Amino acid sequence: MTRSPRLEPVTPATVDAALALRVHPHQEKNVAPVVKSLAEAYAYGETAWPRLILDGDRLVGFLMGFLDVVWDEEKDPADRRSGLWRLNISADAQGEGYGRFAVEALAGELRRRGTGRMYVTWEPGEDGSGGFYRGLGFRTTGERSGGQVVGVLDL
Ligand SMILES: CC(C)(COP(=O)(O)OP(=O)(O)OC[C@H]1O[C@@H](n2cnc3c(N)ncnc32)[C@H](O)[C@@H]1OP(=O)(O)O)[C@@H](O)C(=O)NCCC(=O)NCCS
């Protein structure tokens, strides 16, 4: 089957399906549920970039980018970064290349906006998503954010 995934905003027609999206139960500690991300997107306004990942009529995932946000107000208010805040690929759609597509699609969006680096954080440990991000070219910065490993990809 030829896959042609695309990103789309969440709409009244798709919000219920978005909220029903689930990763595998053992992965739930690694990523917030879509309901939390959409609440944060409402609160953060323009600096949050939530998108559904669709393939035909099939909802296969959700991503949320962050755009030009102050990374650590206390450490350096001038340090503004962009990147991938959330990535949830539906349990029944994992291993089909949609995670890679999501990262590449957000990278393209950030490039269009003139961003030179894409940041992401992940839970440390064997069952986290560090291997996934390293496989896509992210390198660790040596920082931690809320206990999570910080990775960066040059765009
Ligand atoms: C991690 C996650 C996003 C991967 O999505 P996916 O659609 O299954 O990944 P893809 O099919 O695009 O895989 C791309 C490559 O990464 C590899 N990969 C996928 N998950 C991996 C993992 N956990 N560790 C190491 N490599 C991984 C794949 O084998 C594939 O490698 P290949 O191109 O050499 O064959 C998905 O498993 C997920 O949503 N997990 C739960 C939530 C989470 O952890 N999100 C990230 C935290 S923000």
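Computed from a predicted structure; not experimentally measured. Note that ligands are numbered from 1 as they come in the structure, with each ligand's atoms numbered from 1 the same way.
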Verify, without hydrogens or angle tests, whether Ser82 (side chain) and Asp68 (backbone) share a donor-acceptor contact under 3.5 angstrom.
yes
In the complex you have, is atom 35 (O) of ligand 1 within reach of the protein, judged by whether a heavy-atom distance drops under 4.0 Å?
no
Taking N or O atoms only and a 3.5 Å limit, does Arg100 qualify as a polar contact for ligand 1?
yes
Donor-acceptor pair, Gln94 side chain versus Ile89 backbone, under 3.5 Å?
yes
To the nearest 0.5 Å, what is the distance between CG on Asn30 and CZ on Phe132?
12.5 Å
Charged N to carboxylate O under 4.0 angstrom, Glu46 versus Arg113?
no
So, 4.0 Å and heavy atoms of Tyr133: is ligand 1 close enough to count as a contact?
yes
Under 4.0 Å from any heavy atom of Glu96, which atoms of ligand 1 are there?
11 (O)
Above 12 or not: heavy atoms from other molecules or residues under 6.0 Å from NZ of Lys29?
yes
In chain order, what residues pass the salt bridge (charged side-chain N to carboxylate O under 4.0 Å, His left out) check against Arg144, with sequence neighbours excluded?
none
Polar contacts were defined as any N/O atom of the residue lying under 3.5 Å from an N/O atom of the ligand; does this apply to Ile89 and ligand 1?
yes
So is Gly128 in contact with ligand 1, going by heavy-atom distances below 4.0 Å?
yes
Any atoms of ligand 1 less than 4.0 Å from a non-hydrogen atom of Asn30? List them with their elements.
44 (O), 47 (C)
Asn88 N/O under 3.5 Å from ligand 1 N/O
no
I'd like to know if Arg51 pairs up with Glu109 as an ion pair, taking the criterion as any Lys NZ or Arg NE/NH1/NH2 lying under 4.0 Å from an Asp or Glu carboxylate oxygen.
no
In terms of atom number and element, which parts of ligand 1 are under 4.0 angstrom from non-hydrogen atoms of Gly95?
6 (P), 7 (O), 8 (O), 11 (O)
For Arg3, is there an ion pair with Glu96 - N to carboxylate O distance below 4.0 angstrom?
yes
Output the rest of the hydrophobic cluster of Val31: all Ile, Leu, Val, Met, Phe, Trp and Tyr residues reachable through side-chain heavy-atom contacts under 4.5 Å, sorted by chain and number.
Val23
Decide yes or no on ring-ring contact (aromatic ring centres under 6.0 Å, His included) for Trp122 and Phe138, but give the supporting numbers first.
CA-CA 11 Å; Trp122 62 78; Phe138 284 83; 7.1 Å; no
What atoms of ligand 1 come closer than 4.0 angstrom to any heavy atom of Ser129?
1 (C), 44 (O), 46 (C), 47 (C)
Are Trp122 and ligand 1 in contact, using a heavy-atom cut-off of under 4.0 Å?
no
With respect to Gly99, determine whether any N or O atom, backbone or side chain, lies less than 3.5 Å from an N or O atom of ligand 1.
yes
Any non-hydrogen protein atom below 4.0 Å of atom 43 (C) of ligand 1?
yes
Near Tyr98, which atoms of ligand 1 are under 4.0 Å from a heavy atom of that residue?
7 (O), 12 (O)
Under 4.0 Å from a heavy atom of Gly97: give me the atoms of ligand 1 that qualify, with their elements.
10 (P), 11 (O), 12 (O)
For atom 28 (C) of ligand 1, is the nearest protein heavy atom closer than 4.0 Å?
no
What do you reckon, does Leu87 have a nitrogen or oxygen under 3.5 Å from a nitrogen or oxygen of ligand 1?
yes
